[in-house]
*Asks:* 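The structure's right below; bear with me while I get my questions together.
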There are 2 protein chains.
Amino acid sequence: MHAEERERLILEAVADTGFVSYRALEARLDASPATIRRDLTRLEESGRIQRVHGGAKLPEDEKPDNPRGLAGTPFEQSITQNLPAKQAIGRAAAKLCRPGEGIMIDGGTTTLQMCPYLDGLDMQVLTNSLHIVHALLPQTGTRVLLPSGTVFREQNIVLAPAGEDSMPRFHAPKLFMGAAAVGPQGVMQQDVILVAAERRFMDRAEEVVLLVDSSKFRSSSGAIVCGLDEVDTIVTDAGIPQDMADRLRDLGVKLVVV
Amino acid sequence: MHAEERERLILEAVADTGFVSYRALEARLDASPATIRRDLTRLEESGRIQRVHGGAKLPEDEKPDNPRGLAGTPFEQSITQNLPAKQAIGRAAAKLCRPGEGIMIDGGTTTLQMCPYLDGLDMQVLTNSLHIVHALLPQTGTRVLLPSGTVFREQNIVLAPAGEDSMPRFHAPKLFMGAAAVGPQGVMQQDVILVAAERRFMDRAEEVVLLVDSSKFRSSSGAIVCGLDEVDTIVTDAGIPQDMADRLRDLGVKLVVV
DNA sequence: ACTTTGATGATCGAACGTGATCGTTTTGTA
DNA sequence: TACAAAACGATCACGTTCGATCATCAAAGT
């Protein structure tokens with residue numbers, strides 16, 4: 001039985017009664033537990049089912065978190081682009097963290113998606129993004145730190161003037177960073193404000209982890225943040241072009257593909 | 001029988017007659033007493049039923065403004081207390097500002113009400129309150145600055161460890177400050193976190209403006225921020241007790257009554 | 001024919017849901 | 001008021017489910 005056939009059977013069973021138990025799948029599908037779980041994980045990441053303990057069910061309609069209905073700002077529009085991929089990337093990135101560790105998270109719609117998966121890890125998170133602060137606030141175990149500076153509305157981040165020590169005595173093993181585009185020239189962002197903010201973080205991180213969905217490898221943007229050689233790890237999805245993957249591996253960049 | 005199915009049955013039964021007895025559930029659901037209790041606990045926490053001794057009933061209608069549950073935090077509850085007075089006080093306080101000036105605003109439900117009146121004044125506002133940042137964000141002319149530090153959930157403020165310079169090179173002619181209570185002993189706050197935050201601000205302000213509705217003169221609270229002599233101006237409403245007004249005038253505190 | 005890549009299966013420890021038992025609190029009744 | 005029964009919350013033990021890792025296998029490319 002092939003993957004495609006299993007998927008079809010699972011979706012059929014879920015659509016039928018709204019729920020299938022894990023046991024039922026094990027009986028109906030001639031496959032090992034591990035394979036069934038992988039199928040379920042894949043189907044959940046593409047948003048077609050929702051996993052619960054003991055099985056899977058029809059996905060709830062999206063959260064009514066946005067009462068106005070329309071996503072107004074460019075940021076809010078961008079959140080929904082490639083959302084399943086970003087969630088999967090965020091999840092994989094969160095797995096790179098060790099409980100209790102101190103990390104830095106740069107603002108961005110992809111890095112935002114790793115926040116839910118940090119719950120329970122008791123992390124210490126330094127971020128310049130007010131969106132990320134908001135996302136982490138309900139997690140009582142997570143300590144949230146902010147640098148000082150001016151709030152930049154358009155980018156929704158906090159940034160201090162050049163040369164000012166805006167995050168005293170902070171140093172972290174890992175920096176999780178987003179980007180507008182990634183190409184042979186390096187990592188790019190929309191504007192120089194974001195570049196300045198990210199460079200500030202990079203100075204204080206031992207390891208730079210880049211979170212980008214694969215569409216970013218096919219686009220280009222205005223301001224260069226750093227060269228590819230300054231990135232230690234890239235978390236992305238399977239759509240990454242082969243030549244980029246090869247080039248990155250040659251540069252010694254660790255690739256995590258979800 | 002799975003959790004989801006049990007929940008569905010319980011909600012069905014409650015919606016039917018407005019009440020289900022524990023015994024009825026035990027008969028209808030094939031589950032142990034402990035599991036039923038856990039289901040009820042979960043459903044109550046999400047606000048979908050209300051437990052009573054012996055069973056569960058439909059939840060009392062909540063505040064009309066807040067359809068689903070979350071008026072929970074003390075802060076959000078406190079916003080509506082004496083709201084008209086707080087708005088008037090906020091408006092009067094905003095009048096003390098001169099366009100373009102740099103000011104500091106301490107977190108609190110009264111100081112929050114002065115934010116709308118700052119629009120168009122092109123102020124530079126340093127605040128430690130995320131609520132105030134949020135309120136000022138739509139005002140494109142207002143520059144918002146944040147100190148560095150850890151986010152304290154309960155108080156919704158940013159505060160750095162003692163001795164750390166969390167707001168480099170900032171100095172302001174005025175500090176607008178809230179309080180939990182004001183009495184002969186001085187200005188009081190709920191906890192020492194807030195006291196530390198306000199003392200930090202006071203060190204950098206030339207003039208301290210206190211925003212309190214008159215009910216604060218009749219209450220008391222845990223931690224003392226400063227003596228009355230360290231306050232330069234108090235903005236309050238007409239309900240201020242006469243003896244307090246006299247005492248304050250004797251101390252040279254400027255009183256603004258709205 | 002050999003290596004590489006991707007999918008599958010097996011195993012382990014950890015997390016979760018469930019059921020049973022305890023002592024305590026509330027309710028109803030004598 | 002006093003008492004007994006019911007209901008409650010907390011805790012522990014057990015089985016299941018989960019995710020991660022490693023081993024195995026088949027297909028594709030060299």
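Letters A, B, ... are given to chains in the order of the sequence lines, protein chains preceding strands, and every chain is numbered from 1.
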*Asks:* Apply the side-chain contact (heavy atoms from CB on, under 4.5 Å) test between A/K86 and each candidate in A/L211, A/D213, A/L112, A/V212; give the one that qualifies.
*Replies:* A/D213
*Asks:* Within the sub-3.5 Å range, which N or O atoms of nucleotides 4-9 of chain D have a protein N or O partner, and how far apart are they?
*Replies:*
unit_1 : atom_1 : unit_2 : atom_2 : d
D/dA7  : O3'    : B/G54  : N      : 3.4
D/dC8  : OP1    : B/V52  : O      : 3.3
D/dC8  : OP1    : B/G54  : N      : 2.9
D/dC8  : OP2    : B/R37  : NH1    : 2.5
D/dC8  : O5'    : B/R37  : NH1    : 3.3
D/dG9  : OP2    : B/R51  : NH1    : 3.2
D/dG9  : OP2    : B/R51  : NH2    : 3.2

*Asks:* Measure NE2/A/H2 against P/C/dG9 and give the value in whole Å, please.
*Replies:* 12 Å
*Asks:* Holding to salt bridge (charged side-chain N to carboxylate O under 4.0 Å, His left out), I want the full list of residues that pass it with A/R91, two or more places apart in sequence or in another chain.
*Replies:* A/E45
*Asks:* Thinking salt bridges, do A/E206 and A/K174 make one under a 4.0 Å N-O criterion?
*Replies:* no
*Asks:* Is it true that atom CZ of B/R51 has more than 12 heavy atoms of other residues, nucleotides or ligands lying nearer than 6.0 Å?
*Replies:* yes
*Asks:* So do A/T236 and A/F217 actually touch side chain to side chain, heavy atoms under 4.5 Å?
*Replies:* yes
*Asks:* If the threshold is 4.0 Å, N to carboxylate O, is there a salt bridge linking A/D39 and A/R42?
*Replies:* yes
*Asks:* Nearest to the B/S32 side chain among D/dA20, C/dA20, D/dT21, which nucleotide is it?
*Replies:* C/dA20
*Asks:* Given axes from five pairs at either end, by how many degrees does the helix from C/dA1-D/dT30 to C/dA30-D/dT1 bend, rounded to 10°?
*Replies:* 20°
*Asks:* To the nearest Å, how far apart are A/L29 CG and C/dT8 P?
*Replies:* 11 Å
*Asks:* Determine whether B/S148 and A/L145 make a side-chain contact, defined as any pair of heavy atoms from C-beta on separated by less than 4.5 Å.
*Replies:* no
*Asks:* Do B/Y22 and B/R37 have side chains that approach each other closer than 4.5 Å (heavy atoms only, starting at C-beta)?
*Replies:* yes
*Asks:* Would you kindly give the CZ-to-P distance between A/R98 and D/dA20, to the nearest whole Å?
*Replies:* 16 Å
*Asks:* Provide, to the nearest angstrom, the distance between the CD atom belonging to A/Q50 and the P atom belonging to D/dC18.
*Replies:* 14 Å
*Asks:* What's the separation between atom CZ in A/R200 and atom CG in A/L175, rounded to the nearest 0.5 Å?
*Replies:* 13.5 Å
*Asks:* What integer distance in Å separates A/R38:CZ from C/dG9:C1'?
*Replies:* 7 Å
*Asks:* When the distance from CZ of A/R249 to P of C/dT4 is rounded to whole Å, what number comes out?
*Replies:* 13 Å
*Asks:* Rounding to an integer number of Å, can you tell me how far A/I36 CD1 sits from D/dT16 P?
*Replies:* 16 Å
*Asks:* In whole angstrom, give the distance that lies between atom CD of A/E4 and atom P of C/dT8.
*Replies:* 12 Å
